Amino acid sequence: MPELPEVENVRLTLLPLVQGQLVRKVTICRPDIVTGLATPLSLLQGKVIGDVIRHGKQLAIIADDPSQTTINVHLGMTGRLMGISCPFPKHCHVRWQLSNTDTLGFIDPRRFGGLWTFGALADLQDQRWSKLGPDALVITPDQLAQGLAKTKRSLKAALLDQNLLAGLGNIYVDELCFNAKIRPDRIACALTVDDCRLLVREMRKLLKTAIKRGGSTLRDYVMVNGQSGKFQNLHKVYGRAGNNCVRCKTPLHGQLLAGRTTVFCPHCQQ
DNA sequence: AGTTTAACCTTTCTGC
DNA sequence: TGCAGAAA
DNA sequence: GTTAAAC
């Protein structure tokens, strides 16, 4: 459920908490959620945090050291990075005690998320992020057109494919198709370049608006400061099957597409 | 090649 | 109120 | 949310 806008809000709220902070102590409660070296050093103990960056739904916490030691964070369904006050919260798998007395925790009850450690930022880029498509906020209409052209899958399946386009999940794909007035069951390779221009324009608009509203909190997602998002109140189709279209009042159609619940307006979207 | 189904794991909701 | 099963 | 196996 954390998609690009939610992950970006985690990044934006994480940055002021950790940037420039020395990591005093790292506690690893569950080493098995870490892929790669699961040592305090590989998780930045003794290092100063330089930056937090994002690609699609992926985050990276980068040390301010010569090789840029890096932790790649993926939140999965229920993952959280949170400032934690005093006790050990449930399902807190790794905690970072910072020099300013704040403590950051990686909390993930279902453990679909995880941490990946790299000796250098370049290693993360080569080994993991190079496989992802362009970030949804950065992709150009031509890049999207190229991606869609090479698959006969539905538009929905294609937009969900992180190797084609990084950052969208079930919520924002449905919202995007509605805003662009395109049916999610169109065959991807049949879309025109103009369709792709429209999709990219609407995608940027949608994601930027969602980011400004703090993302969508449906269940587990909160920002690093514990605040919920507000964009769920502005969803036009997601979770609204059977309700009336906000644009034309036609009952919204719900079906399974690409294995995911999908909602669209059979009248507005073509 | 593409769609479908199940799996991963835990909490929370639903219905009897 | 409790429990099993579904849903998230 | 992602991945693997089955159809």
Side-chain angles (χ1 to χ4, degrees), chain A residues 1-11 29-36 54-60 71-82 88-94 105-116 124 127-133 135-136 146-176 183-191 207 210 215-223 226 228-229 231-232 235 238-242 254-264:
Chain A
M1 200 226 312
E3 306 177 30
L4 187 149
E6 291 75 40
V7 177
E8 178 63 6
N9 274 289
V10 170
R11 189 186 76 80
C29 306
R30 268 202 88 116
D32 60 331
I33 61 110
V34 181
T35 303
R54 179 191 60 73
H55 185 95
K57 303 171 188 174
Q58 307 272 327
L59 280 174
I71 307 169
N72 175 209
V73 184
H74 189 234
L75 298 173
M77 284 284 273
T78 55
R80 290 175 167 183
L81 280 172
M82 278 192 79
F88 281 87
K90 256 205 165 346
H91 307 294
C92 181
H93 308 313
V94 176
F106 176 66
I107 297 154
D108 187 8
R110 294 180 74 175
R111 285 184 276 124
F112 291 172
L115 308 178
W116 286 255
L124 166 63
Q127 292 167 39
R128 273 177 72 79
W129 287 8
S130 65
K131 291 169 187 156
L132 297 172
D135 184 83
Q146 278 174 34
L148 297 184
K150 63 185 181 201
T151 179
K152 287 181 167 172
R153 289 177 292 171
S154 63
L155 177 61
K156 168 115 183 183
L159 293 175
L160 283 171
D161 183 352
Q162 303 299 300
N163 300 135
L164 201 157
L165 166 68
L168 299 189
N170 207 29
I171 298 171
Y172 293 100
V173 166
D174 279 14
E175 293 297 314
L176 170 60
R183 288 175 60 114
D185 58 358
R186 293 262 299 274
I187 301 302
C189 62
L191 272 80
L207 296 175
S216 309
T217 296
L218 269 47
R219 171 158 253 182
D220 297 285
Y221 155 75
V222 288
M223 292 175 245
S228 298
F231 192 71
Q232 65 278 8
H235 292 168
Y238 181 84
R240 299 194 62 244
Q255 72 168 87
L256 224 51
L257 224 187
R260 314 291 242 91
T261 34
T262 300
V263 185
F264 63 90

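Order of the sequence lines sets the chain letters (A, B, ...), proteins ahead of strands, with each chain counted from 1. Keep in mind that this is a model prediction, so the values were computed, not measured.
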Whether A/His235 and A/Tyr172 hold their rings parallel, tilted or perpendicular, with breakpoints at 30° and 60°: perpendicular

Qualifying residue for side-chain contact (heavy atoms from CB on, under 4.5 Å) with A/Trp116, from A/Val73, A/Asn72, A/Leu124: A/Asn72

Please measure how far the [atom1] atom in [N] lies from the corresponding atom in [M], and state the result in whole Å.
N: D/dT2; M: B/dT12; atom1: C1'; result: 22 Å
N: D/dT3; M: B/dT11; atom1: P; result: 24 Å
N: B/dT5; M: C/dA7; atom1: P; result: 14 Å
N: B/dC9; M: C/dC3; atom1: P; result: 25 Å
N: B/dT3; M: C/dA8; atom1: C1'; result: 23 Å

Which heavy atom of [X] sits nearest a heavy atom of [Y], and at what distance?
X: A/Ala136; Y: A/Leu207; value: CB-CD1, 3.7 Å
X: A/Gly239; Y: A/Val263; value: N-CG2, 4.3 Å
X: A/Ala158; Y: A/Thr151; value: CB-CG2, 4.2 Å

Presence of salt bridge, A/Asp174 and A/Lys156, under 4.0 angstrom: yes

Salt bridge present between A/Arg153 and A/Asp161 (N-O < 4.0 angstrom): yes

Residues in contact with DNA chain B, drawn from residues 161-170 of chain A - heavy-atom cutoff 4.0 Å: none

Take the protein atom [atom1] of [X] and the nucleotide atom [atom2] of [N], then report the distance between them rounded to whole Å.
X: A/Lys156; N: B/dT4; atom1: NZ; atom2: C1'; result: 15 Å
X: A/Asn72; N: D/dG1; atom1: CG; atom2: P; result: 17 Å
X: A/Leu59; N: D/dG1; atom1: CG; atom2: P; result: 15 Å
X: A/Arg110; N: C/dA7; atom1: CZ; atom2: P; result: 13 Å
X: A/Leu75; N: C/dA8; atom1: CG; atom2: C1'; result: 17 Å
X: A/Leu218; N: C/dA8; atom1: CG; atom2: C1'; result: 10 Å
X: A/Phe112; N: B/dT11; atom1: CZ; atom2: P; result: 12 Å
X: A/Asp108; N: D/dT2; atom1: CG; atom2: P; result: 13 Å

Give a yes/no on whether any side-chain N or O of [X] is located under 4.0 angstrom from OP1 or OP2 of [N].
X: A/His91; N: B/dC9; answer: no
X: A/Arg111; N: B/dT10; answer: yes
X: A/Arg260; N: B/dT3; answer: no
X: A/Thr78; N: B/dC9; answer: no
X: A/Lys57; N: D/dT2; answer: yes

Selected nucleotide, minimal atom distance to A/Pro2 side chain, candidates D/dG1, B/dT11, B/dG2: D/dG1

Closest-nucleotide ordering on DNA chain B, the 5'-leading residue of A/Arg219 and A/Ala157: A/Ala157

Residue whose nearest DNA chain B nucleotide is more 5′ - A/Arg30 or A/Ser154: A/Ser154

Partner residues of A/His93 under the side chain to side chain donor-acceptor pair (under 3.5 Å) criterion, sequence neighbours left out: none

Touch class at under 4.0 angstrom, heavy-atom based, for A/Met77 against every strand present: base

